Protein chains: 2
Amino acid sequence: MISDAEYERQLAVYRPFTDAVRRLIDAGIRTGVDEATIAEAQAAIEGVTERLVTVQHNSTSTLRNADTGRPLAYTNPAVGVRNAIAPPMEIHHEGGAGAGGRCWAEFELGLPYEGPPGLVHGGICALVLDHILGESASDGLTKPHFTGTITLRYLRGTKQGPVRAEAWIDRVDGVKTFARGTLSDADGVTVEADGIFIRPSWARG
Amino acid sequence: MISDAEYERQLAVYRPFTDAVRRLIDAGIRTGVDEATIAEAQAAIEGVTERLVTVQHNSTSTLRNADTGRPLAYTNPAVGVRNAIAPPMEIHHEGGAGAGGRCWAEFELGLPYEGPPGLVHGGICALVLDHILGESASDGLTKPHFTGTITLRYLRGTKQGPVRAEAWIDRVDGVKTFARGTLSDADGVTVEADGIFIRPSWARG
């Protein structure tokens, strides 16, 4: 458990660092510099990595916010503020976690998430929707749930750029929570999702 | 169109560079170095990015292999050899592209792909399966297809480490191709997928 203040302090250190790695990923795809410059860049990156790994924390122990009980998403590839793979989604819970499971996120999906030219990869749409439906079904990850089944209907391609994901609980039936959600680009809904999330037996009381 | 030889030359330059960025992503999640060292690392990364973006190629024009007609996956977040977000999957087509659409890939999913502690994020399983079902349905991306619907059934958590994804065409009905696939960890199948892929109207002849 860590306090809000300590979490904010950590974000101020790690968020700009991770954003710098995100820009490096993008530059690595786009660059047309010559082989010698690529080799120099590689050596510089390896030097940075060597310094970073001299001290490692135990990242598999999930820290939680002492006030809200919500896990701190450092590693997660959808929302992790310390994971350069994550866009990251910053998920807003309407009325707060526990207030019915409706949530949304607005974020950017650029070149590193490309499938067909100019469009977001369908599997990235699936990653984003799986994550936000899961957050919705578990009331902001305060209640453990595992994905049972998820179905994604692709209405059309999702344009690269600003997107919005949202999810809500449709109904609850025993240990099953039925969540629904959508992904939208500037022109409207592009992907619809339905998920069944199951409360694990160890969490049933 | 580029030749096999030119593609191999490019891989030799870009693959080790992109692997270095992948190790940096992992180190950025694990590191416990102090704030000053993080700030120095950030500045070094920003310096590398600045040099890389001085020359940029037009990465949205899809290059194809002159011999096989298959696109070269530089950017793709599942298979892109120049995209540090991609594991990357290296997809093998049994009997070659066009020989029935059965394909498989064996690769590693480590810490940057983590959802629950020690397990792969369900949305990453979805990304991987969406991609390989799509390759299967389009015979190695030689025939254009878009995902219509995909359903993922999560049988249990997927352990981090070596995984295997496979996909095959179940049946074809007019413009619809029905593909199926599985993701497995060391202990067997963890996720099953069913997808309906649709040939776009501009590609129907």
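Quick caveat, the model's predicted, so the values are computed rather than measured. The chains referred to below are lettered A, B, ... by the order of the sequence lines, with proteins before strands, and numbering in each begins at 1.
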Closest-packed option against chain B by number of heavy-atom pairs under 4.5 Å, given A/Leu155, A/Leu129, A/Thr151, A/Leu152 | A/Leu152
Could you tell me whether the side chain of B/Arg30 reaches within less than 4.5 Å of the side chain of A/Arg82, counting heavy atoms only?
-> no
State, with a plain yes or no, whether a side-chain heavy atom of B/His121 is found less than 4.5 Å away from one of A/Leu127.
-> yes
Applying the side-chain contact (heavy atoms from CB on, under 4.5 Å) test to B/Tyr154, which of A/Asp130, A/Ile196, A/Thr149 qualifies?
-> A/Asp130
CZ/B/Arg51 to CD1/A/Ile38 distance, rounded to the nearest 0.5 angstrom?
-> 10.5 Å
Looking only at B/Ala126, B/Ala41, B/Gly148, the option with the highest number of non-hydrogen pairs under 4.5 Å against chain A is B/Gly148
Run the side-chain donor-acceptor check on residues 172-179 of chain A: report pairs under 3.5 Å with partners two or more places apart or on a different chain.
unit_1	atom_1	unit_2	atom_2	d
A/Thr177	OG1	A/His145	NE2	3.4

Would you say B/Glu106 has more than 12 foreign heavy atoms packed within less than 6.0 Å of its CD?
-> yes
Residues of residues 17-27 of chain A near chain B, each having a heavy atom less than 4.5 Å away | A/Phe17, A/Ala20, A/Val21, A/Arg23, A/Leu24, A/Ile25, A/Ala27
With side chains defined as the heavy atoms from C-beta onward, is the minimum distance between A/Leu111 and B/Thr75 less than 4.5 Å?
-> yes
Picking from A/Val53, A/Val128, A/Ile124, A/Thr54, which has the most non-hydrogen pairs under 4.5 angstrom with chain B?
-> A/Ile124
Verify the neighbour count for atom CD of B/Glu6: are there more than 12 heavy atoms of other residues, nucleotides or ligands below 6.0 Å?
-> yes
When B/Gly28, B/Ala12, B/Ala44 are compared by non-hydrogen pairs under 4.5 Å with chain A, the top option | B/Gly28
Tell me, do A/Glu35 and B/Gln10 make a side-chain contact under 4.5 Å, heavy atoms counted?
-> no
Contact leader toward chain A among B/Ala73, B/Gly122, B/Ala84, where contacts are heavy-atom pairs under 4.5 Å = B/Gly122
Chain A shares the most heavy-atom pairs under 4.5 Å, among B/Val48, B/Asn83, B/Val81, B/Asp34, with B/Asn83
If one checks every heavy atom of A/Pro16 against chain B at 4.5 Å, the contacting part turns out to be both
